[in-house]
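Below: one structure, written as structure tokens.
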Amino acid sequence: MKAQPCSLRVRLPALLLALEALFLALYVCFVTYGDDLDGKLQNNRTDPMDNSLYRDYLFFTDVQVMIFIGFGCLLSFLRLYGFSGLAFNFLTATVSIQWAVLVQGYFQFYEDGKIRLGVANLLSAEFACAVVLISFGAVLGKTSPVQLLVMALLEVPVFAVTEWVVLEHLRINDAGGSILIHLFACYFGLGVTFVLYRPGLRDGHAKETTGYQSDILSVLGTLFLWVFWPSFNSALALKGDDQHRAVLHTFIGLSASTLTAFALSALLSQRGRLSMADIQNVTLAGGVTVGASVDMMISPAAAFALGALGATACMLGYRYLTPFLARALPDPGPVRHPQPARADGPHLLPGGDLGHPHRQRGRLRPQPVPDLRPPRAPRGGPQAAGAPPGDPRPPARPGPQRAGAGPLAGGGRGVAVAAAAVGGVLTGLVMKLPFLAPPPDECCYDDELFFLVPSDYGGAGGSRSPVSSQDESKA
Amino acid sequence: MKAQPCSLRVRLPALLLALEALFLALYVCFVTYGDDLDGKLQNNRTDPMDNSLYRDYLFFTDVQVMIFIGFGCLLSFLRLYGFSGLAFNFLTATVSIQWAVLVQGYFQFYEDGKIRLGVANLLSAEFACAVVLISFGAVLGKTSPVQLLVMALLEVPVFAVTEWVVLEHLRINDAGGSILIHLFACYFGLGVTFVLYRPGLRDGHAKETTGYQSDILSVLGTLFLWVFWPSFNSALALKGDDQHRAVLHTFIGLSASTLTAFALSALLSQRGRLSMADIQNVTLAGGVTVGASVDMMISPAAAFALGALGATACMLGYRYLTPFLARALPDPGPVRHPQPARADGPHLLPGGDLGHPHRQRGRLRPQPVPDLRPPRAPRGGPQAAGAPPGDPRPPARPGPQRAGAGPLAGGGRGVAVAAAAVGGVLTGLVMKLPFLAPPPDECCYDDELFFLVPSDYGGAGGSRSPVSSQDESKA
Amino acid sequence: MKAQPCSLRVRLPALLLALEALFLALYVCFVTYGDDLDGKLQNNRTDPMDNSLYRDYLFFTDVQVMIFIGFGCLLSFLRLYGFSGLAFNFLTATVSIQWAVLVQGYFQFYEDGKIRLGVANLLSAEFACAVVLISFGAVLGKTSPVQLLVMALLEVPVFAVTEWVVLEHLRINDAGGSILIHLFACYFGLGVTFVLYRPGLRDGHAKETTGYQSDILSVLGTLFLWVFWPSFNSALALKGDDQHRAVLHTFIGLSASTLTAFALSALLSQRGRLSMADIQNVTLAGGVTVGASVDMMISPAAAFALGALGATACMLGYRYLTPFLARALPDPGPVRHPQPARADGPHLLPGGDLGHPHRQRGRLRPQPVPDLRPPRAPRGGPQAAGAPPGDPRPPARPGPQRAGAGPLAGGGRGVAVAAAAVGGVLTGLVMKLPFLAPPPDECCYDDELFFLVPSDYGGAGGSRSPVSSQDESKA
């Protein structure tokens, strides 16, 4: 077995150490503490418990669990690719967050020549990271970690610019991120897989199979995502009743999509048996479809309906639409095989935003939506726009006006889709460069290519190649 | 292998879609936002950080992890039944919570013709869900998901009414839920299994075995339950010192029951070896036994003693009492086999409530217990009964007076046991209806009946039937 | 197979029940509620939400997850020792925390003849527990649970005294615990393994191997530790900007060490393949190296650099330094074999504290470091030293003055290393006593010695001895 052309020995360390040097240089030159972390700005009238840490930290750790454990386990559903799923998710997420802290920081948290850091930046960067991980799901098993890092390095800036344009200039916001995050990630992933298409894998791959333990691990990942999705969808909402609604709507939407996923799985699978792939993916669709309107006064019933509709569309889409596309197109993208499409499954739908989305992100502090809450007096002064009482700082910039309904939101969606698709295709072209160690077709979906594996690797299912097992058993 | 009589193809989707239609109709007609979610009720004097979300959300997510991940993993202890344990727990929990939001909402959160929703309702519904999952543990492996959903649909209303009677009319409260939750769930489960008794499984079942990985997964579930049990026991306690004591007592009680469980497991098992079943279950007994008095001034020493006693009683009960019952009775209920009884193990004991329990649940805002804290002036005005300072709403109803000691608490216990046992028997009769797809004896404890399984299913232990493996390997 | 000499039947229950009696007696005689748990000290001017529970509880549960789930999974990396890794971690952690609550309580929370209990004590005790678990990693697989408990019983008081001397008398503090926790644990573990050296295992052991599932479980443990390490490093920092900085620095440091770990693993492993052992351990090194200065104004760039340096030193240390020591010394201690040294890997480095560490622990409330934040007026009255506004209690003792830089911190480090090494050697001598059931060499790294194992134990890898499998299959 010749592993030379895709050995990581030189390529991965070279890329990572260069990245570390770059990050360190940028930290040294352009990064400093935000106001709530700077000891010099505290005085004896500062109440330590007013620090923004205590408003964000719970949501931050919940999203951390989703990113590193939820996505990691979910992406470990292949029987022979569990090390890769967990570890490449870990590496890609870490790089994406660091990179997003710097890139988003330039667009959203830059002041007086410095990026102001705090937990709010990390939380914002985790959303950019989620974008990368969703796209990662579309190329799982067919890419080297070097390629994944290149994808992250290119996707994060494209996303950050798109986000900035949509939020700041088109003035459309979505608290749960349905427009930006899920739509962008989906079309970016489609663009990348379009370019990376491997005709040799058209009829599947012998190692692209799930296993009993890997399916269980993947369901665990789903459950972690499910449990903390209300934190994800509400993390950037305005504090108070908006955030409270976001939590409630997400929970109700996820519940509806879970019931729908079980119902349709039994209805559509062989012999009426449930498919773990459906449970791993379609149950989460409601979190996406309630996303765009998650903090609005849409009513609990609407959240329930959105969840059920989302799961139905997701299930029908990947079962019937994508096989149809597979016949019509040279490469249908990340959703052809149900299983590799898992992480991408719930994200094809742009979400049911019903009108006036808005959110709080970074310095982009929006005004409240006046027509939805007439008794509330117009906010002004320090109380405005989610600023905590007693926070003496004026809002850094005037908040965006509320977006007009349908049309403008449609415009934001168009911008996001276009940027994502073009960015994805270009990124795919870069990822195709030969020195990025793409695995040969026959080594796809196989941990042995990039990892020292223990001697029981591939054991129970008997898929381990006899050649490699005598060769590598010293792991 | 004829799977027709228990195919889920029609039955499960039909039930789930009907349920979804029912839930949606009820949401449309009877549900609206609670005060803290209603944008119209906020004004520019509302401090967003005073929203009740920030008092409840941490406890809510902790209990979410217990319900979906802790219980799910704990119930996956059977080697060939891991998919079912995790996925049926997921489905049953989701349905139970939605149903409980509506049913409990009618009894506890109903005002002006509408159920007022918020995270507090979800938290309350999770307690009803825990009841269902504990009873689920008693019928694990011998029921179809359709039967489980029927059980949830019947158990939730019986529990909600019992809860309402005990809390509102008998005026007995228990913050940790020892009386209501654990006692009710245990006797309901006993009632159900009494009716569902299968003589064919009297001598055990070849597939009712644990596996190395499934035992590890189950211990992980125990650890998640153990870690977050203080949140469970304190979630409905009054804010402040009461909740602080509830956290401390639960931690101490669990620690004592853990030491006791290890000690007795080594003492009583074959050759002095530890049994994973003991570690999975008996370690949690302390969380139950401290429950009824968890927020009272019982002293840390009493919490320690209650934990040790709980573990001892739980261990002796399931090792010696239940085999004795097995000889004396036609069906001894859910505790005959140590392993299927796991989730039910810690719940046989009604808890050591020492006097005057009280709790805060929904609108049932209790008065403080005066004789335990003489220096505290009688609460009045907005400060009373756990209402946050600045909350302008008067308590919705006069709080219940404190329960008299022993006798009345005994009365509450009697009501709960009677309602649970009768409800369980009747529910069991309904679950026996043939169109609910009960699995035949030979297909119990087997994921293949209801799931598409990967090709390595049943591999290591070799228990897979040769017939089914050639039949089903296309999963 | 004669299990008599290391049967737990009598020894473990005897030790545990004696311990329970001791703990109960101490609870009865010396323990009472802290001010925030005592109902008698609340009055109608007490705001329940000012209770310290709400400042500590989130950090407490995060550290709970690290201790019971993170460490438990991380220590389950051996294919045939997963039950032991998870369960002995569970037992040892529970005993360590209870014991630390009492011992640390005497040194730090003792007032008017009573230890005052609350969540703050539990949090503090979890740090002592982390010390024990890190040392546990050094003797994993070669010790009985009785020996582990003896180690915990001796290590906790030695640590508590050292901590008290360093913090109170040398007046050196470290918020992230780099000096005390990691250094102490490392040298204590070295002392113990020096004494427990087994020449028979010098050339390794046939069962000391990882497995595919156990490696995945262990990475999951790493991820839980990684995700919640910011909570660990910041839990004892002063509230406000200090704690905020601690969170940020830890996250940045961990990210840098993760990138470095992947880079060096590919560079230094066979054929450029990644090693799971590196990912499980070296990724965490940054959390240790930023520890000592984690709450200071060191700048984000310094946190990044510390993380990268920590991972480099950790990786080079265990790959090159320890094999060198192995040739030079009779027993090189816990770091000879890469894998058993896992939990100990990141802890060999004393951390890059850059100057004036301080922290808040128990009653030891430090003054702020004045020269780092000139604009802050000197604190006095109830606002001083992290006390919440409105807390009427004066600080219990005058806070320690800030430590002088380098030299004194070096003194603290010397004290910690000396106490740990001597304590470790003496503890090792006690652990060698024959009635503590040390496993014979041939039964090391084997769950069967202490657990009833299911019939598929050892299956996939075929390492199960034929004798024992026919003997024990009735588990």
Side-chain angles (χ1 to χ4, degrees), chain A residues 3 7-10 12-13 16-17 19-20 23-24 27-28 31-33 36-44 46-49 51-53 57-58 61 64-65 68-69 72-73 76 82-83 86-87 90-91 94-95 97-98 117-119 122 213 217 450-457 459-460, chain C residues 55 58 62 79 209-213 215-216 219-220 223-224 226-228 231 238-245 247-248 251 255-256 258-260 262-264 266-267 269-276 279 283 297 299-301 304-305 308 372-377 379 383 386 388-389 460-461:
Chain A
S7 165
L8 301 178
R9 169 151 290 162
V10 175
L12 186 64
L16 283 173
L17 297 175
L19 265 181
E20 289 195 70
F23 290 167
L24 184 57
Y27 269 117
V28 169
V31 175
T32 188
Y33 296 114
D36 276 347
L37 287 80
D38 194 338
K40 296 190 212 67
L41 300 182
Q42 318 299 312
N43 58 43
N44 61 358
T46 310
D47 178 356
M49 297 310 294
N51 198 291
S52 62
L53 177 69
Y57 190 60
L58 172 60
T61 54
Q64 284 276 91
V65 172
F68 289 92
I69 295 165
C73 292
S76 301
F83 281 13
L86 266 179
F90 186 12
L91 177 62
T94 306
V95 168
I97 295 176
Q98 288 298 310
L117 230 55
V119 166
L122 302 184
Q213 297 302 328
L217 189 66
F450 296 125
F451 285 90
L452 300 169
V453 294
S455 59
D456 65 344
Y457 172 71
Chain C
R55 293 193 296 277
L58 173 60
D62 286 357
R79 193 172 69 81
T209 57
T210 64
Y212 193 66
Q213 297 302 330
D215 258 335
I216 284 179
V219 173
L220 265 188
L223 290 171
F224 276 109
W226 202 95
V227 160
F228 292 115
S231 296
L238 282 170
K239 293 289 164 192
D241 59 305
D242 297 73
Q243 194 164 33
H244 204 152
R245 280 195 299 277
V247 165
L248 184 77
F251 183 85
S255 298
T258 301
L259 303 195
T260 312
F262 275 87
L264 296 182
L267 190 66
S269 296
Q270 286 173 282
R271 301 158 176 257
R273 297 187 188 185
L274 297 163
S275 147
M276 287 307 254
I279 295 170
T283 54
M297 296 280 291
S299 88
F304 195 91
L372 282 174
R373 43 192 121 189
R376 182 183 280 185
R379 288 172 168 179
Q383 282 286 33

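So you know, we letter chains A, B, ... as the sequences are listed, proteins then strands, and number each from 1. On a predicted model such as this, the values are computed, not experimentally measured, just so you know.
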> C:His244 and A:Asp36: side-chain donor and acceptor closer than 3.5 Å?
Replying inline: no

> Would you say A:Tyr33's side chain and A:Leu117's backbone share a donor-acceptor pair under 3.5 angstrom?
Replying inline: no

> Sequence neighbours excluded, which residues qualify as ring pair (Phe, Tyr, Trp, His ring centres under 6.0 Å) partners of C:Phe228?
Replying inline: none

> Quick one: of A:Leu24, A:Leu12, A:Val28, who has the most non-hydrogen atom pairs under 4.5 Å with chain C?
Replying inline: A:Leu24

> Is it true that a side-chain atom of C:Arg245 and a backbone atom of A:Leu37 form a donor plus acceptor pair closer than 3.5 Å?
Replying inline: yes

>> Using heavy-atom distances under 4.5 Å, tell me whether C:Val227 contacts chain A through its side chain, its backbone, both, or neither.
In response: both

>> Taking ring pair (Phe, Tyr, Trp, His ring centres under 6.0 Å) as the definition, give me every residue that meets it alongside A:Phe451, ordered by chain and number, with sequence neighbours left out.
In response: A:Phe83, A:Phe88

> Run the side-chain contact (heavy atoms from CB on, under 4.5 Å) check on C:Met297 and A:Asp38 step by step: do they pass?
Replying inline: CA-CA 8 Å; C:Met297 296 280 291; A:Asp38 194 338; 3.2 Å; yes

> Do the side chain of C:Tyr212 and the main chain of A:Gly82 share a donor and acceptor less than 3.5 angstrom apart?
Replying inline: yes

>> Taking every non-hydrogen pair under 4.5 Å, which of A:Leu17, A:Leu86, A:Val31 racks up the most with chain C?
In response: A:Leu86

> Quick one: of A:Thr32, A:Leu217, A:Val95, A:Val119, who has the most non-hydrogen atom pairs under 4.5 Å with chain C?
Replying inline: A:Val119

> What part of A:Gln98 lies closer than 4.5 angstrom to a heavy atom of chain C: side chain, backbone, both or neither?
Replying inline: side chain

> Contact part of C:Leu223 toward chain A, heavy-atom cut-off under 4.5 Å: side chain, backbone, both or neither?
Replying inline: both

> Can you say whether C:Ser231 sits under 4.5 Å from chain A via the side chain, the backbone, both, or neither, judging by heavy atoms?
Replying inline: both

>> Taking every non-hydrogen pair under 4.5 Å, which of C:Asp62, C:Thr258, C:Val219 racks up the most with chain A?
In response: C:Thr258

> Which bit of A:Leu122 is near chain C, if near means a heavy-atom gap under 4.5 Å: side chain, backbone, both or neither?
Replying inline: side chain

> Between C:Ala256, C:Pro300, C:Ala308, which shows the greatest number of heavy-atom pairs under 4.5 Å with chain A?
Replying inline: C:Pro300

> Taking the side chain from A:Thr61 and the backbone from A:Leu58, do they hold a donor-acceptor pair closer than 3.5 Å?
Replying inline: yes

> In terms of heavy-atom pairs under 4.5 Å with chain A, which of C:Ile279, C:Val247, C:Leu220 leads?
Replying inline: C:Val247

